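Down below is the structure, laid out as structure tokens.
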Amino acid sequence: MELGLVGLGKMGGNMRERIRRAGHTVIGYDRNPDVADVHSLEELVGKLKGPRVVWVMVPAGAATQSTIDELAELLSPGDVVVDGGNSRWTDDEKHAVELGIKGIGFVDCGVSGGVWGLENGYALMYGGEAANVEKVQPVFDALKPEGDFGSVHAGKVGAGHFAKMVHNGIEYAMMQAYAEGWELLEKVDSVTDVREVFRSWQEGTVIRSWLLDLAVNALDDDEHLDQLRGFAADSGEGRWTVEAAIDNAVPLPAITASLFARFASRQDDSPQMKMIAALRNQFGGHAVENKK
């Protein structure tokens with residue numbers, strides 16, 4: 001099938017390549033002309049045959065809103081817009097109404113896989129009407145990991161991004177647990193090789209995971225994370241998860257504590273946040289702050 005892809009950054013650029021490897025045609029637009037296939041959204045839409053599918057992969061908020069507003073004026077009834085960024089689920093509901101007035105379908109899709117997705121595939125959580133999802137299904141199949149899992153039609157519009165938000169909240173708590181354990185091991189005199197303790201956990205333990213593998217990768221690069229400043233940003237989805245928990249009276253003590261730990265990292269050079277920063281860089285290519 002043909003796909004228009006808007007946003008060719010770290011995630012979008014690799015997604016374009018994975019979809020093309022599956023035999024589909026992808027026409028990509030980005031503000032950076034060095035990576036773009038076309039020079040405007042209007043040109044992108046003009047090169048696609050109807051019914052068109054355009055996947056938006058730009059930062060949440062104003063950038064996504066302006067892109068969808070422009071596409072609403074360029075697309076035709078029966079076309080579909082997919083928001084694959086990290087938008088808030090309440091924005092999805094708004095976008096679906098705005099596009100629906102013009103007869104344009106909308107699907108929201110939470111995407112996980114970071115810089116590793118090109119080779120390993122992307123975990124996909126999508127929401128929307130079945131007829132709209134069906135039009136995008138070949139792309140979902142191209143992006144997902146091999147095997148039976150890694151892709152789900154989570155429910156109606158907003159369900160995909162809500163599911164991805166909760167996924168990221170869980171990720172916060174798991175990363176915090178590894179970071180706290182690492183700092184405690186580093187603190188005591190009796191443990192002389194913390195990196196190899198972490199490595200030993202990669203097989204046969206109940207806490208083995210891909211995040212643990214990435215922690216070992218980070219420690220192989222910098223055994224005591226001496227080159228990193230103990231600072232870790234939050235992308236917003238941890239906050240949204242906690243807010244949703246409050247709205248629905250669901251207790252999330254571990255996820256909430258892990259979010260507040262990120263805030264603490266902005267006050268001091270936290271050893272735990274060195275591990276959080278290292279893990280975020282390993283799986284998502286997120287920027288780190290090196291010591292001066």
Side-chain angles (χ1 to χ4, degrees), residues 1-9 11-13 15-20 22-33 35-111 122 124-143 151 153-162 164:
M1 66 172 285
E2 290 185 340
L3 177 75
L5 181 59
V6 182
L8 302 171
M11 288 276 282
M15 290 167 63
R16 174 176 61 175
E17 177 61 24
R18 186 172 175 89
I19 297 166
R20 284 177 173 172
H24 303 294
T25 298
V26 183
I27 300 170
Y29 168 68
D30 193 274
R31 290 183 299 175
N32 178 1
V35 300
D37 303 313
V38 294
H39 302 294
S40 68
L41 285 179
E42 184 175 8
E43 185 181 354
L44 179 147
V45 171
K47 286 183 175 292
L48 296 171
K49 302 183 185 71
R52 306 172 186 87
V53 176
V54 178
W55 187 302
V56 178
M57 203 72 189
V58 302
T64 294
Q65 184 66 61
S66 64
T67 301
I68 289 178
D69 287 345
E70 189 171 351
L71 287 172
E73 300 303 317
L74 296 170
L75 295 173
S76 304
D79 294 343
V80 174
V81 172
V82 182
D83 179 5
N86 281 331
S87 294
R88 192 179 177 121
W89 79 96
T90 49
D91 289 343
D92 297 325
E93 297 165 353
K94 176 173 174 283
H95 295 154
V97 170
E98 292 169 344
L99 292 169
I101 292 171
K102 296 178 177 290
I104 302 167
F106 179 81
V107 174
D108 65 286
C109 183
V111 182
Y122 299 88
L124 307 171
M125 297 143 270
Y126 36 92
E129 296 179 5
N132 292 328
V133 168
E134 184 178 357
K135 293 177 183 177
V136 191
Q137 195 64 53
V139 175
F140 291 148
D141 292 341
L143 287 171
S151 177
H153 184 182
K156 59 186 181 181
V157 165
H161 280 143
F162 195 94
K164 176 59 163 47

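It should be emphasised that the depicted structure is a prediction, and the values quoted were computed from it without experimental measurement.
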For this session: Enter the distance from M1:CE to K135:NZ here, rounded to the nearest 0.5 Å.
Result: 10.5 Å
Exercise. Looking at CZ of R88 and OG1 of T64, how far apart are the two atoms once the value is rounded to the nearest 0.5 Å?
Worked result: 14.5 Å
Seminar exercise, completed: Rounding to 0.5 Å, atoms SG (C109) and NE2 (H161) come to a distance of 7.0 Å
For this session: Would you mind reporting whether L74 and L41 have side-chain heavy atoms less than 4.5 Å apart?
Result: yes
Problem set entry | Verdict with reasoning, T67 to Y29, per side-chain contact (heavy atoms from CB on, under 4.5 Å) | CA-CA 11 Å; T67 301; Y29 168 68; over 6 Å; no
Exercise. Would you say the side chains of S87 and D91 form a donor-acceptor pair under 3.5 Å?
Worked result: no
Problem set entry | Residue R31 excluded, over 12 heavy atoms near CZ under 6.0 Å | no
For this session: Would you name the heavy atoms of I27 and K47 that are closest together and state the gap between them?
Result: CD1-CB, 3.5 Å
For this session: Evaluate the salt bridge (charged side-chain N to carboxylate O under 4.0 Å, His left out) criterion for residues R16 and D37: first the C-alpha distance (whole Å), next the side-chain angles of each, then the deciding distance (0.1 Å), finally the verdict.
Result: CA-CA 11 Å; R16 174 176 61 175; D37 303 313; 3.1 Å; yes
Exercise. If you count the non-hydrogen atoms of other residues, nucleotides and ligands that lie under 6.0 Å from CD in E134, is the total more than 12?
Worked result: no
Problem set entry | V107, L99, V6, V136 screened by side chain to side chain contact (heavy atoms under 4.5 Å, CB included) with V81, the one that passes | L99
Problem set entry | Spacing of CG belonging to L44 relative to CG belonging to D30, to within rounding of 0.5 Å | 11.5 Å
Exercise. Does the D92 side chain pair with the main chain of V157, one donor and one acceptor, at a distance under 3.5 Å?
Worked result: no
Exercise. From E129 CD over to H153 NE2, what is the distance, rounded to the nearest 0.5 angstrom?
Worked result: 9.0 Å
For this session: Look up atom CD in Q137 and atom OH in Y126, then write down how far apart they are to the nearest 0.5 Å.
Result: 4.0 Å
Exercise. When you measure from the side chain of D108 to the backbone N and O of G158, does any donor-acceptor pair fall under 3.5 Å?
Worked result: yes
Problem set entry | Under 3.5 Å donor-acceptor, R52 side chain and G4 backbone | no
For this session: Hey, can you tell me if H95 and F106 have their rings parallel, tilted or perpendicular (30° and 60° cut-offs)?
Result: perpendicular
For this session: Verify the neighbour count for atom CD of E42: are there more than 12 heavy atoms of other residues, nucleotides or ligands below 6.0 Å?
Result: no
